[in-house]
Amino acid sequence: MPELPEVETIARGVNARVRGDRITEVWFSKHKQPFKTSASIQAKGLAGRTILSVHRTGKHIVCELGDAGLNETSKNEPTAQWIVHLGMTGRLLVTTPEGPIAAHTHARLSLESGREVRFVDARRFGRLEFRELKRTEGFSAAGQEPMTVGTVEFAGLFRGRKLAIKAALLNQGLLSGVGNIYADESLFQAGIRPRRRAGRLTRDELERLRLSLLAVLSDSIRLGGSSVSDYVDADGVRGFFQLEHCVYLRTGQPCRQCGTPIKRILVAGRGTHYCPKCQG
DNA sequence: CATTTCACCTGGTGGC
DNA sequence: TGCCACCAGGTGAAAT
């Protein structure tokens with residue numbers, strides 16, 4: 001469900017509540033879920049570990065884990081990671097153990113402090129993964145981070161590509177973290193049609209797009225993300241950026257800039273919203 | 001290789 | 001109220 005701003009908001013919330021806590025008990029539902037790591041391996045790996053920190057990479061929530069047991073020397077060195085991808089409907093919540101168990105709860109981590117981390121996912125598009133860190137690098141998403149990528153590198157991502165710019169924005173191998181909402185919103189702000197071929201955009205248009213994306217993503221993070229249907233942060237609180245959307249899910253409604261009705265088309269199989277007047 | 005399409009799931013909404 | 005078609009923030013495998 002969530003894109004970069006929502007994942008960032010959740011990761012910050014979870015980090016603030018569980019950083020330094022220890023996982024005492026792990027539970028997984030029997031419901032079949034196509035995890036990247038089997039439930040039993042995750043359960044075994046997570047039990048006893050300390051959560052050193054929680055952060056976002058692309059659309060992934062990465063929990064850095066310290067060794068199980070008492071290990072004073074390497075206390076702050078992560079030796080494993082628990083990686084959570086929320087798919088479309090996934091939630092990662094920090095609750096008390098007494099709280100009612102929501103339908104589609106697939107994982108529960110009991111913590112020493114008494115808190116509980118829960119993974120809930122109706123559609124089961126989410127993915128959980130447990131990794132031991134040997135000497136290898138930490139987890140990194142394939143694409144560039146859209147909020148820190150520079151002008152030249154950003155433009156380079158699209159050079160020579162024939163696919164629609166909207167489809168390119170959604171490709172996690174190019175940029176990681178951009179989904180349907182922020183692709184549409186950034187293209188609106190940059191005044192670019194979603195179906196334009198990526199490789200045909202001018203240098204100016206690409207720079208406008210990069211800056212629009214940065215602005216839209218940081219505004220959304222500031223407002224706690226977009227709650228379109230059921231997105232909530234680690235405390236179950238909704239975001240407010242959906243109130244700022246200019247085009248996304250506003251089919252037929254007047255453009256906030258010129259009053260023209262917003263159009264909906266299909267690009268790369270995804271509902272795509274744009275203003276026919278403001279965008280090209 | 002690049003690009004497109006489709007399957008994977010459940011739930012909410014709006015029309016009849 | 002019920003039934004049905006359609007829509008939904010994502011990804012990765014299969015097809016083109």
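Excluded from the calculations below are hydrogen atoms, water molecules and symmetry mates; all remaining heavy atoms, backbone and side chain alike, are included. Proteins come first, then strands; the chains are lettered A, B, ... in the order of their sequence lines, and each starts at number 1.
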**OP:** Report yes if at least one side-chain N or O of Arg270(A) is closer than 4.0 Å to OP1 or OP2 of dG10(C); otherwise report no.
**Re:** yes
Original post:
Taking only side-chain nitrogens and oxygens of Arg161(A), does any of them come within less than 4.0 Å of OP1 or OP2 of dT3(B)?
Top reply: yes
Original post:
Do the side-chain N or O atoms of Lys36(A) get closer than 4.0 angstrom to the phosphate oxygens (OP1, OP2) of dT11(C)?
Top reply: no
Original post:
Do Ser113(A) and Asp21(A) have side-chain atoms, one donor and one acceptor, less than 3.5 Å apart?
Top reply: yes
Subject >> Gln172(A) side chain near dG10(C) phosphate (N/O to OP1/OP2, under 4.0 Å) >> reply: no
Original post:
Across the strands shown, which category fits Gly179(A) at heavy-atom distances under 4.0 angstrom: base, sugar-phosphate, nothing?
Top reply: sugar-phosphate
**OP:** Check every strand shown and say whether Tyr182(A) touches a base, only sugar-phosphate, or nothing at a heavy-atom separation below 4.0 Å.
**Re:** nothing
Original post:
How long is the line joining CG of Leu170(A) and C1' of dT11(C), in whole Å?
Top reply: 11 Å
Original post:
What integer distance in Å separates Leu249(A):CG from dC6(C):P?
Top reply: 18 Å
**OP:** Would you kindly give the CD1-to-P distance between Ile181(A) and dA8(C), to the nearest whole Å?
**Re:** 11 Å
Original post:
Yes or no on side chain to side chain contact (heavy atoms under 4.5 Å, CB included) for Arg56(A) and Leu4(A), after CA distance, side-chain angles and deciding distance?
Top reply: CA-CA 8 Å; Arg56(A) 176 198 65 80; Leu4(A) 187 153; 3.4 Å; yes
**OP:** Measure the distance from NZ on Lys166(A) to C1' on dT3(B) and round it to the nearest whole Å.
**Re:** 16 Å
Subject >> Between Glu129(A) and His60(A): side-chain donor-acceptor atoms closer than 3.5 Å >> reply: no
Original post:
Side chains of His273(A) and Asp184(A): is there a donor and an acceptor less than 3.5 Å apart?
Top reply: yes
Original post:
Using a cut-off of 4.0 Å on non-hydrogen atoms, how would the nucleic acid contact of Arg197(A) be classed: base, sugar-phosphate, or nothing?
Top reply: nothing
**OP:** Evaluate the side-chain proximity of Leu209(A) to Phe154(A): yes if any heavy-atom separation is below 4.5 Å, no if none is.
**Re:** yes
Original post:
For Glu207(A) and Thr151(A), does a side-chain donor sit closer than 3.5 Å to a side-chain acceptor?
Top reply: yes
**OP:** Ignoring hydrogens and angles, state whether a donor on the side chain of Arg19(A) or Ser53(A) is under 3.5 Å from an acceptor on the partner side chain.
**Re:** no
Subject >> ILVMFWY cluster membership beyond Ile265(A) - transitive side-chain contacts under 4.5 angstrom >> reply: Val267(A), Tyr274(A)
Original post:
How close or far is atom C1' of dT11(C) from atom CG of Asp121(A), stated in whole angstroms?
Top reply: 13 Å
**OP:** Counting heavy atoms from C-beta on, name the nucleotide in dA8(C), dT3(B), dG10(C) closest to the side chain of Lys162(A).
**Re:** dT3(B)
**OP:** For dA14(C) versus dC9(B), give the span between their P atoms, rounded off to a whole number of Å.
**Re:** 15 Å
**OP:** Provide, to the nearest angstrom, the distance between the CG atom belonging to Asp184(A) and the P atom belonging to dG10(C).
**Re:** 10 Å
Original post:
For DNA chain B, what dot-bracket results from Watson-Crick or G-U pairs at under 3.5 Å, with [ ] for crossers and | for inter-strand partners?
Top reply: .|||||||.|||||||
Mind listing the N/O atom pairs, protein and nucleotides 9-11 of chain B, below 3.5 Å?
| from | atom 1 | to | atom 2 | distance (Å) |
| --- | --- | --- | --- | --- |
| dC9(B) | O3' | Arg124(A) | NH2 | 3.0 |
| dC9(B) | O2 | Arg123(A) | NE | 2.8 |
| dT10(B) | OP1 | Arg124(A) | NH2 | 2.8 |
| dT10(B) | O3' | His104(A) | NE2 | 3.3 |
| dG11(B) | OP1 | His104(A) | NE2 | 2.7 |

Original post:
Taking NZ from Lys59(A) and P from dG12(C), how many angstroms apart are they, rounded to a whole number?
Top reply: 10 Å
Original post:
Leu174(A) has an atom CG; how far is it from atom P of dT3(B), in whole Å?
Top reply: 9 Å
**OP:** May I ask you to evaluate whether His85(A) reaches the phosphate of dG10(C), defined as a side-chain N or O under 4.0 Å from OP1 or OP2?
**Re:** no
Original post:
With side chains defined as the heavy atoms from C-beta onward, is the minimum distance between Leu214(A) and Val149(A) less than 4.5 Å?
Top reply: no
Original post:
Between the side chains of Ser226(A) and Tyr182(A), is a donor N or O closer than 3.5 angstrom to an acceptor N or O?
Top reply: yes
